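This is a predicted model, so every value here is computed, not measured. In this chain, residues are counted from 1 in sequence order.
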Amino acid sequence: MTFLKNISDIHLDILKEVGNIGAGHAATALSTLMNKKIDMTVPSVRVVSFDEVMELAGGADNVVASVFLRIEGEAPGSMFFILPLPQAEKYIRQLTKNQSFTFSDVQDNDIELAMSALQELGNILSGSYLSSLSDFTHLSLYPSVPALSVDMVGAVITFGLLELSQVSDYAIVIDTALDEEDAKLPESVRGHFFLLPDPDSFHIIFSALGVKVDA
């Protein structure tokens, strides 16, 4: 991945703009779905090693809600959206109107509805981000059906990176801050969007963004 040395702050700023536009589209869709104002912003975008991915998600033993999907099209790859469990529960309560829902005491008849709500969240977020990335790069990109899990970060990340880690070493991390109009928390609840292009796709995406790629 020698081309990484050619990635400048300008290119990362472009990726941040891609993320902010995608977050804006996602916020509009979520606001409609939840019937309340949702703001989403992208505080930062980074290119990190796989070793840093697990740490950013809270550590191997941290339990999270994860949406994983494959990116199809001209620049194939994988995507994770990882949310802290309390935030995932909060969105499920809003989407399902079940204010007592928790993963620690979930009833059999509630889990299917809860996972459906998370899948809808994954569809909105992935579709919004990929649409924005496609607009910037002029590449045809579209998501597969999301795979959902509630598990420790170590298990979630290992599942998604098992094959990719043998041929690649880096991921694009789009930090995501979510704010609600009636939030009682003093600050945003943050999730992470991990974009993991397949090896050849890294070159395709960054070339489309104007990064000089080494032969």
Side-chain angles (χ1 to χ4, degrees), residues 3-4 6-34 36-48 53 56-57 65-83 87 91 95 118-148 160 164 168 170-180 188-213:
F3 73 94
L4 283 178
N6 294 318
I7 298 175
S8 68
D9 289 342
I10 293 174
H11 300 120
L12 292 178
D13 284 344
I14 293 171
L15 285 175
K16 184 176 179 180
E17 183 63 17
V18 170
N20 272 318
I21 291 174
H25 293 322
T28 298
L30 284 172
S31 296
T32 300
L33 186 66
M34 299 172 67
K36 65 192 303 183
K37 182 174 174 56
I38 303 292
D39 289 321
M40 293 181 64
T41 56
V42 176
S44 66
V45 174
R46 289 160 287 166
V47 177
V48 302
V53 169
L56 285 171
S66 170
V67 179
F68 172 79
L69 55 94
R70 283 290 297 170
I71 303 167
E72 308 294 344
E74 293 181 295
S78 300
M79 279 181 127
F80 282 103
F81 183 67
I82 293 179
L83 271 178
Q87 183 66 9
Y91 276 97
L95 291 169
L118 275 180
Q119 182 167 7
E120 183 63 20
L121 177 63
N123 282 331
I124 289 172
L125 292 171
S126 61
S128 297
Y129 278 117
L130 284 183
S131 176
S132 179
L133 183 60
S134 182
D135 288 345
F136 268 76
T137 60
H138 303 292
L139 298 172
S140 176
L141 305 169
Y142 51 94
S144 68
V145 175
L148 312 173
L164 188 59
S168 182
Y170 296 94
I172 300 168
V173 182
I174 303 171
D175 292 326
T176 303
L178 305 96
D179 294 285
E180 300 177 32
S188 302
V189 175
R190 300 193 177 200
H192 293 293
F193 218 104
F194 297 102
L195 174 60
L196 301 110
D198 291 352
D200 290 343
S201 298
F202 240 123
H203 292 270
I204 293 169
I205 289 171
F206 279 103
S207 291
L209 291 172
V211 180
K212 180 183 176 182
V213 179

Asks: Can you confirm whether E17 sits close enough to V45 that some side-chain heavy atom of one is under 4.5 Å from a side-chain heavy atom of the other?
Replies: no
Asks: State the CG-NE2 distance between D198 and H203, to the nearest 0.5 angstrom.
Replies: 12.0 Å
Asks: Testing the basics here: between I38 and A27, what is the closest heavy-atom pair and its distance to 0.1 Å?
Replies: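 Answer, listing the atom of I38 first, then A27: O-CB, 3.2 Å.
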Asks: Look up atom CD1 in I172 and atom CE in M79, then write down how far apart they are to the nearest 0.5 Å.
Replies: 9.0 Å
Asks: List the steps, then state whether side chain to side chain contact (heavy atoms under 4.5 Å, CB included) holds for I14 with F206.
Replies: CA-CA 10 Å; I14 293 171; F206 279 103; over 6 Å; no
Asks: If you take all heavy atoms of A26 and L125, which pair is closest and at what distance?
Replies: CB-CD2, 3.7 Å
Asks: State, yes or no, whether a side-chain contact exists between E120 and L33 at a heavy-atom distance under 4.5 Å.
Replies: yes
Asks: Measuring only between side-chain heavy atoms, which start at C-beta, is L83 closer than 4.5 Å to L121?
Replies: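 Yes, side chains in contact.
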Asks: Can you name the residues that form a side chain to side chain donor-acceptor pair (under 3.5 Å) with D175, not counting sequence neighbours?
Replies: S44, R46, H192
Asks: Whether the side chain of S134 engages the backbone of L139 through a donor-acceptor N/O pair (distance < 3.5 Å, no angle test) should be reported.
Replies: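 A pair under 3.5 Å: yes.
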Asks: Is the backbone of P76 close enough, under 3.5 Å, to the side chain of S201 for a donor and an acceptor to pair up by distance?
Replies: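 Confirmed, S201 side chain pairs with P76 backbone.
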Asks: Measuring only between side-chain heavy atoms, which start at C-beta, is L195 closer than 4.5 Å to V173?
Replies: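 The answer is no, as the side chains (C-beta and beyond) never meet within the 4.5 Å cut-off.
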Asks: For F193, give me all partners under ring-ring contact (aromatic ring centres under 6.0 Å, His included), at least two apart in sequence or on another chain.
Replies: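 Per chain and number, F193 pairs via ring-ring contact (aromatic ring centres under 6.0 Å, His included) with F81, Y129.
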Asks: Side chains of E72 and L141, heavy atoms from C-beta outward: is any pair under 4.5 Å?
Replies: no
Asks: For Q119, check side-chain contact (heavy atoms from CB on, under 4.5 Å) against everything at least two apart and list the hits.
Replies: N123, V145, P146, L148
Asks: Are I205 and S207 packed together at the side-chain level, in the sense that at least one heavy-atom pair is separated by less than 4.5 angstrom?
Replies: no
Asks: Step by step, would you call L15 with F136 a side chain to side chain contact (heavy atoms under 4.5 Å, CB included)?
Replies: CA-CA 9 Å; L15 285 175; F136 268 76; over 6 Å; no
Asks: Identify the heavy atoms of V67 and G122 that sit nearest to each other, and give their distance.
Replies: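 For V67 versus G122, the nearest heavy atoms are CG1-CA, 3.7 Å.
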Asks: According to side chain to side chain donor-acceptor pair (under 3.5 Å), who are the partners of D39, at least two apart in sequence or on a separate chain?
Replies: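 Only K37 meet the side chain to side chain donor-acceptor pair (under 3.5 Å) criterion with D39.
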Asks: If you round to the nearest 0.5 Å, how far is CZ of F68 from OG of S126?
Replies: 12.0 Å
Asks: Would you say N20 and T41 make side-chain contact, with heavy atoms under 4.5 Å?
Replies: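 In contact.
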Asks: Residues in side-chain contact (heavy atoms from CB on, under 4.5 Å) with S140, at least two apart?
Replies: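 Listed in chain order: E74, Y142.
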Asks: With S131, which residues qualify under side-chain contact (heavy atoms from CB on, under 4.5 Å), at least two apart?
Replies: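 Applying side-chain contact (heavy atoms from CB on, under 4.5 Å) to S131 gives D135.
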